[in-house]
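When reading the values below, keep in mind they use all heavy atoms of this one structure, side chains included, and skip hydrogens, waters and symmetry mates. Chain naming here is simple, since letters A, B, ... match the order of the sequence lines and numbering starts at 1 in each. Please read all numbers here as calculations on a predicted model, not as lab measurements.
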2 protein chains.
Amino acid sequence: MSEKKYTVGQLAKSTGIKSVTIRYYEKIGLLPKAARSESGYRLYTAQDHSRLRFIRRSRGLGFSLDDIRELLSLADQQQAPCASVDAKVNQQLEQVRARLKDLQAMEHELKRLNGCCEGGVIFNCRIIETLSNETVGAGSPTD
Amino acid sequence: MSEKKYTVGQLAKSTGIKSVTIRYYEKIGLLPKAARSESGYRLYTAQDHSRLRFIRRSRGLGFSLDDIRELLSLADQQQAPCASVDAKVNQQLEQVRARLKDLQAMEHELKRLNGCCEGGVIFNCRIIETLSNETVGAGSPTD
DNA sequence: ATTGACCTTATAGCTACTATAACCCTTATT
DNA sequence: AATAAGGGTTATAGTAGCTATAAGGTCAAT
């Protein structure tokens, strides 16, 4: 008995990853080259579906495609220690936290700016003024 | 008396924006075309310095270059109402908050994954297992 | 037979830079 | 005066992770 096969569109629908993206993943070697029907259509198996779900989930956690490539290759080495997987997750967590910190700083600043001019004209606009102000590390060209 | 002029490198050093980037900003019309010395070097004024500082500060708040283009053109219309500036800031604030929400969800998930396998092998790795799991909107291809 | 919804490929575009190559200018030192 | 270091100039290609476009082949139904 041969496995059930799916077209790229069916896979797309069931994973939420677009057909173009799936082909792109194949092109960059993130997915193995799909089998083809007589007429040249790609044919996918349940395994591909699972791999794609893995990718989608990892993307959702902010992993880069390169990271995911590594994770996938790790996932295939069932007897390897999972310390390296752990390390990747840890690393990603720190990256996310760093970006969080940046964004929080942005939010703070934007909140400060938001609504600080009440119906005036730009000449008196505190926002524009603030944006134009000196910042650390941006002195005059003669510094 | 003619203004003091600065080279691209001097401007770069004092604004923290690299020379290449400054040239790039000129190329895409974010900065006006700089005057040139006899030998073809770009010559910048204090005004350019201020404009660049504005860009840097806005970038730091996460504004896109297109947003900044608009902000700059608004900043030049001193008698226009600053409602549109306000709106841009507001919009940016919401975008930042949306990204924050995403990142917080990522952090939450990563924290959950982090360190959940204790020195085992990948075959038993809870992380890999979790990443492979079904998610909402990612059923089987036959759904 | 023809429509419409799918599939195929190759190529270019997107953001905001960064890297590279190959060359010209200025300044200081030998 | 020659030369070397450290600027500057241009054009072009590469980065991530897709998305859009064009120009065509396939499949199922009418």
In whole angstroms, the gap separating P of D:dC27 from OH of A:Tyr6 amounts to 20 Å
Among C:dT26, D:dC18, C:dT8, the one nearest any side-chain atom of A:Tyr24 is D:dC18
Taking the side chain of B:Leu65 as its heavy atoms from C-beta onward, which of C:dA16, D:dT10, C:dC7 lies nearest to it?
-> C:dA16
Against the side chain of B:Tyr41, the closest entry in D:dG8, C:dT9, C:dC17 is D:dG8
Where the side chain of A:Val8 is defined as all heavy atoms beyond and including C-beta, which of D:dG7, C:dC7, D:dT9 is the nearest nucleotide?
-> C:dC7
Measure the distance from CG on A:Leu30 to P on D:dC18 and round it to the nearest whole Å.
-> 9 Å
Indicate, with a heavy-atom threshold strictly under 4.0 Å, whether B:Ser37 touches base, sugar-phosphate, or nothing.
-> nothing
Would a distance-only check, ignoring hydrogens and angles, find a side-chain to backbone donor-acceptor pair under 3.5 Å from A:Glu129 to A:Asn124?
-> no
Is there a side-chain polar atom (N or O) of A:Ser39 under 4.0 Å from OP1 or OP2 of D:dC27?
-> yes
OP1 or OP2 of D:dA16 less than 4.0 angstrom from a side-chain nitrogen or oxygen of A:Ser64, does that happen here?
-> no
How close do A:Pro32 and A:Asp48 get, heavy atom to heavy atom, and via which atoms?
-> CG-OD1, 4.0 Å
Against the side chain of B:Thr21, the closest entry in C:dT18, C:dC25, C:dC7 is C:dT18
Want to settle it: does A:Gly40 or B:Glu38 sit nearer the 5' end of DNA chain C, counting the closest nucleotide to each?
-> A:Gly40
The answer to which of B:Arg36 and A:Phe63 contacts DNA chain D further toward the 5' end, by nearest nucleotide, is B:Arg36
If you look at every heavy atom in B:Ser132 and A:Phe54, which pair is closest and at what distance?
-> OG-CD1, 3.4 Å
Given D:dC18, C:dC17, C:dT26, which nucleotide is nearest the side-chain atoms of A:Arg59?
-> D:dC18
Taking the side chain of B:Arg23 as its heavy atoms from C-beta onward, which of C:dC25, D:dG8, D:dT19 lies nearest to it?
-> D:dG8
Taking OP1 and OP2 of D:dG7, is either one under 4.0 Å from a side-chain nitrogen or oxygen of B:Thr7?
-> no
Check whether any side-chain N or O of B:Arg42 sits under 4.0 Å from OP1 or OP2 of D:dT9, and answer yes or no.
-> yes
Donor-acceptor contact below 3.5 Å, side chain A:Gln77 vs main chain A:Ser73 = yes
Closest non-hydrogen atoms of A:Tyr24 and A:Leu65, given as atom of the first, atom of the second and distance, are CE2-CD1, 4.0 Å
